[in-house]
*Asks:* 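Quick one: this structure, given as structure tokens, is what I'll be asking you about.
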Amino acid sequence: MRVEDVCSKHNLPASVAEVLKKSGIEELYPPQAEAIRRGVLNGKNMVVAIPTAAGKSLIAELAMLKSVLIDRGKCIYIVPLRALASEKYEDFRQKYGELGVRVGISTGDFDAPDPSLARYDILVATSEKVDSLLRHRAKWLADIVTVAVLDEVHLINDPGRGPTLEILTARLRRENPKLQILALSATISNADEIADWLNAEVVTSDWRPVPLKEGVYHRGAVRFSDGSERKIKTGVKDVLAALALDTVQEGGQALIFVSTRRSSQTAAELIGAHIQGILTHQERRELDEVAQRVERALGEPTRICKRLGACIRMGTAFHHAGLYHLQRKFIEDAFRGHLIKVICATPTLAAGVNLPSRRAIVRDYRRYDPMLGQQFIPVLEFRQMAGRAGRPKYDKYGEAILIAKSKDELEALFEAFIFAKPERITSKLASEPALRTHILAAIATGYARSFDGLLDFIGQTFFAHQHETRAVAGIVDRIIDYLDREEMIRRQGELLVATPFGERVSQLYIDPESGVVLRDGIKNISAAPPTELGILHIICHTPDMGLLYLGRREKEELERFALEHIEEFLVKVPDPYEDPEKFEFFLAELKTAKMLQAWIEEVDEDEIHEEFGIGAGDIRRAAEVAEWLLYSAHELAKLFKIRRALSPLRKLRQRVRYGIKEELLELVTLSGIGRVRGRDLYRAGYRRIADIRRASVEELKRVPHIGEEIARSIKRQVEQEFEESGEYRNRV
DNA sequence: GTTGGAATTCTCTAGACAGCATGTC
DNA sequence: CTAGAGAATTCCAAC
């Protein structure tokens, strides 16, 4: 089926076909053609469950273009990751911008100036962001959407985030019954069940644009499921290095999936030692540039940065969430550019951005679970890793390889992964934390106003499709009691109404439990001003804050530390003997709070890495969440009129945001000035905005990390400020 | 004593969404 | 209760 014919048949302008032709798309893939035949362009709902890279997105794109260009419709494209959102946003804008289609993006870290759909035809957003938008302007947004795309719907299976996806889908549909829903999924075994729920057609297929050979390595050879075999004879002893080298020698690349960050690092180093030798001079030079960029991604290179740099110079890299996101991006780009030959990654890469490779090696197909020990990873996850194999246009076929250590294991791996059916997706909505949040939101937005209304609302979710709605009646009842008791809602006869507290908690997008913790914490601030540690601990006590891993040897010291600071905590410290488990949690909270404190004391990232066992990426992520919670605490303090708490919370929020001591707060209000440059300026004697106003651009340029551009920019800013008000802000 | 390597014991374990108001290094 | 990789530590032989 040709794109051109599809366009003319469905009244799409010929320019659409031209635009797609430019991206190399003229002929539709079989699953895409199937979707057209089943009526995606006639407004049919559709579930598309096909492998990665089999062209799911284009199906949705055609449907969106039809809606936008012909019916003046508005579309939202919902993804599970920010990185995916920006990838889609760039892609859509680049491809369809010239058709006059206005594309916007809205995620927590990157928001269009006005994410209202009025300005855009297609809005790309994360599911939580869409949920949040619905909470702020419920009806209006849902009203105007004509096409909603749920990318990676199999995320419904995720206990933490799946419920959000169900809820927002149910809300969008109820608000606009004519809404066209397109659900895109990896191959799963119950796509039909989801289709049934959405009243949709199903397209399932195993078809791939680049054929995939799946096999298991054992004793010097890979046995593929099609019966073929490939001997690995590189002369290298280490199996992993041999498998990588084998494909690199023939001009391919390899992605290697391991289960821990540590493994990814050691594997990248080990393989690098073998790859290094076959790099050309040109490649070495370019790799060195990449390595330098990675090392300079954040101020002074830390130990991890240097290790990563060393790997990159050998043509390999490790990739995990401990890295700073820019570093990850550099690595991904260099791999796409065929420069980096091998990436050793944790599962980050399996579900992340598009990054194909000729060979995908799954070394660790087990993962540790604190409850259950080592467990096989889900087939679905293996499929996503394997699906990365095969670069369109470059490789004749892709190879996905598991590594067996014995003959028995060889057979077992074929059974457990290669021939196995992917799991069934099940709703995780019936969990208390998930329902707590969404029930409050439903009441706060007036979407449901009674017990029956709530059940009715839950009745439209995937959960109700898989179970009886009544199965959650008990939990719903308990949650209503809880919300009532904590004064987030009030009962007026049968009617349920949100209090201002409940409403604010719902809009802040925090867990109701977090709202309670923050409220009680700040109410405990007595006459004496709270300490940094006390506030940071409250933040970490909240279920929204992820906690750092508590090492065995750290406990004693933390316990001592807790005792020394026992006066500062704003909650009752649990008794280690009465409730050891709770006490463990407390220590983990304390460790996390200490880490944030180190961050705002401007402790070297390298030192934080050493002491707390986390990388730059982890620090930023924790700081980001903490900042959001500090803002929330501040808002609640306003609501409850706890004046004493306002200023400390405001200051701390800014400090956590930038990772700075209080003395830099003023400098950091300048755009372009953050943790590093702020400290450099301060050290050079520029401690206040007034100092900068007195300095010349030439003088400022002498400060480290400040060049012509930045110097001019901050000069401009301070002068402007002067003109505007005659004095500058003292406030934070 | 020192050194280098093997053997043994010990330790630790993936990922990443959200507010708000504008810009990190 | 579960498992395996990698780091840390101990052990031991050869000098």
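Chain letters run A, B, ... following the sequence lines, proteins first, then strands; residues in each count from 1.
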*Asks:* Under the side-chain contact (heavy atoms from CB on, under 4.5 Å) rule, what do A:I608 and A:T302 come out as? Steps first, then yes or no, please.
*Replies:* CA-CA 10 Å; A:I608 296 183; A:T302 65; over 6 Å; no
*Asks:* In residues 364-371 of chain A, which ones come under 4.0 Å of DNA chain B, going by heavy atoms?
*Replies:* A:R367, A:Y368
*Asks:* Side chains of A:Y509 and A:D544: do they bring a donor and an acceptor to under 3.5 Å?
*Replies:* no
*Asks:* Side chain of A:R293, base of B:dC25: donor and acceptor closer than 3.5 Å?
*Replies:* no
*Asks:* Would you please classify the geometry between the A:F417 ring and the A:F382 ring as parallel, tilted or perpendicular, with 30° and 60° separating the classes?
*Replies:* tilted
*Asks:* Between B:dA21 atom P and A:W628 atom CH2, what is the distance in whole Å?
*Replies:* 16 Å
*Asks:* Would you say A:T266 places a side-chain N or O within less than 4.0 Å of OP1 or OP2 belonging to C:dG6?
*Replies:* yes
*Asks:* Looking at A:Y509, does any N or O in its side chain come under 4.0 Å of the phosphate oxygens OP1/OP2 on B:dC17?
*Replies:* no
*Asks:* Does A:T348 put a side-chain nitrogen or oxygen below 4.0 Å from OP1 or OP2 of B:dA14?
*Replies:* no
*Asks:* To the nearest Å, give me how far apart OH (A:Y658) and C1' (B:dT24) are.
*Replies:* 9 Å
*Asks:* Can you tell me if the side-chain N/O atoms of A:R135 get under 4.0 Å from OP1 or OP2 in B:dG19?
*Replies:* no
*Asks:* Encode nucleotides 6-12 of chain B as B, S and - characters from 5' to 3', where the letter depends on protein heavy atoms closer than 4.0 Å: B to the base, S only to sugar-phosphate, - to neither.
*Replies:* -----SS
*Asks:* If only side-chain N and O atoms of A:T260 are considered, is one of them under 4.0 Å from the OP1 or OP2 phosphate oxygen of C:dG6?
*Replies:* no
*Asks:* Does B:dG19 have OP1 or OP2 under 4.0 Å away from a side-chain N or O of A:H634?
*Replies:* no
*Asks:* Dot-bracket for DNA chain B: what is it, with Watson-Crick or G-U pairs under 3.5 Å, [ ] where a pair crosses earlier ones, and | for a pair to another strand?
*Replies:* |||||||||||||............
*Asks:* Below 4.0 angstrom from OP1 or OP2 of B:dG19, is there any side-chain N or O of A:K129?
*Replies:* yes
